[in-house]
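Input: a single structure, listed below in C-alpha cells.
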Amino acid sequence: QVQLVESGGGLVQPGGSLRLSCAASGSIFSINVMGWYRQAPGQQRELVAAVISSGSTNYVDSVKDRFIISRDNDKNTVYLQMNSLKPEDTAIYYCITDAVTGRDTRPRRYWGQGTQVTVSS
C-alpha cells in the first residue's frame, strides 16, 4: 500500500559526500516517521537517522555532526545528506516510513528496497 523508492547511492571516496532521497507513494493518509537504516555485509541492520512529524530528528552516534536528515512533507520525501564519509559507512541504506493508509487506523512500518553506498579509495 506504501511504496518507497530510494536513489542517490553510489561509490564515493573517503571524505566525500552523497545525498540519498526516498519518495513515498501509495494510499497514504499520514506519515508519522521517515528515516534510514543501513546494513553492512555480515552486520546487523541499524537505524542511522529518523525524523518524526514534529520535525525532531535523531541519529546514531557514529554519524552525528556528519549526516543530516530532512523531510519534504508536501512530496512525502526524505533525504539523507551524508558528509565526511568514512569506509565504515559502507552499507546498503534502506528507507523506512511509519505511515497510516486508508485501510488502517494505526501506523505500519514500510521498507524500501535499499540503495548501495560504498566509501572507498
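Note that the structure is predicted; figures quoted are calculated from it, not measured. Position 1 is the first residue of the sequence, and the numbers go up from there.
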Is it possible for you to say whether [X] and [Y] belong to one hydrophobic cluster, with membership spreading through side-chain heavy-atom contacts below 4.5 Å?
| X | Y | value |
| --- | --- | --- |
| Ile31 | Val100 | no |
| Tyr79 | Val51 | no |
| Leu80 | Val33 | no |
| Phe67 | Tyr94 | no |
| Val63 | Val78 | yes |

Return yes when atom CZ of Arg109 has more than 12 non-hydrogen atoms of other residues, nucleotides or ligands closer than 6.0 Å, and no otherwise. yes
A quick test of your reading: do over 12 heavy atoms of other residues, nucleotides or ligands sit less than 6.0 Å from CD of Gln13? no
Less than 3.5 Å apart, any donor N or O on the side chain of Thr118 or Ser120 sitting next to an acceptor on the other?
no
- Modelled atom types, side-chain donor and acceptor of Ser17 and Asn83, under 3.5 Å: yes
Between [X] and [Y], which heavy-atom pair has the shortest distance, and what is it?
| X | Y | result |
| --- | --- | --- |
| Met34 | Leu4 | CE-CD2, 4.5 Å |
| Ala24 | Val2 | CB-CG1, 4.5 Å |
| Asn32 | Pro107 | ND2-CG, 3.4 Å |

Under 3.5 Å donor-acceptor, [X] side chain and [Y] backbone:
| X | Y | value |
| --- | --- | --- |
| Tyr59 | Ile69 | yes |
| Asp72 | Asp74 | yes |
| Thr90 | Val119 | yes |

Across all chains, not counting sequence neighbours, the side-chain hydrogen bond (donor to acceptor under 3.5 Å, both in side chains) partners of Gln113 are Glu6
Hits for side-chain hydrogen bond (donor to acceptor under 3.5 Å, both in side chains) against Asp89, two or more places apart or cross-chain, chain-then-number order -> Arg38, Arg66
Decide yes or no for [X] and [Y]: does some side-chain heavy atom of the first lie under 4.5 Å from some side-chain heavy atom of the second?
| X | Y | result |
| --- | --- | --- |
| Ile28 | Thr97 | no |
| Thr101 | Arg108 | no |
| Ile96 | Trp111 | yes |

In Leu47, Val48, Ile92, the residue satisfying side-chain contact (heavy atoms from CB on, under 4.5 Å) with Tyr37 is Leu47
Reported [atom1]-to-[atom2] distance for the pair [X] and [Y], which is rounded to 0.5 angstrom:
| X | Y | atom1 | atom2 | value |
| --- | --- | --- | --- | --- |
| Ser30 | Asn73 | OG | CG | 11.0 Å |
| Glu46 | Gln39 | CD | CD | 10.0 Å |
| Ser25 | Lys75 | OG | NZ | 14.5 Å |
| Ile52 | Asp98 | CD1 | CG | 11.0 Å |
| Cys22 | Arg71 | SG | CZ | 11.0 Å |
| Arg103 | Ser27 | CZ | OG | 5.5 Å |

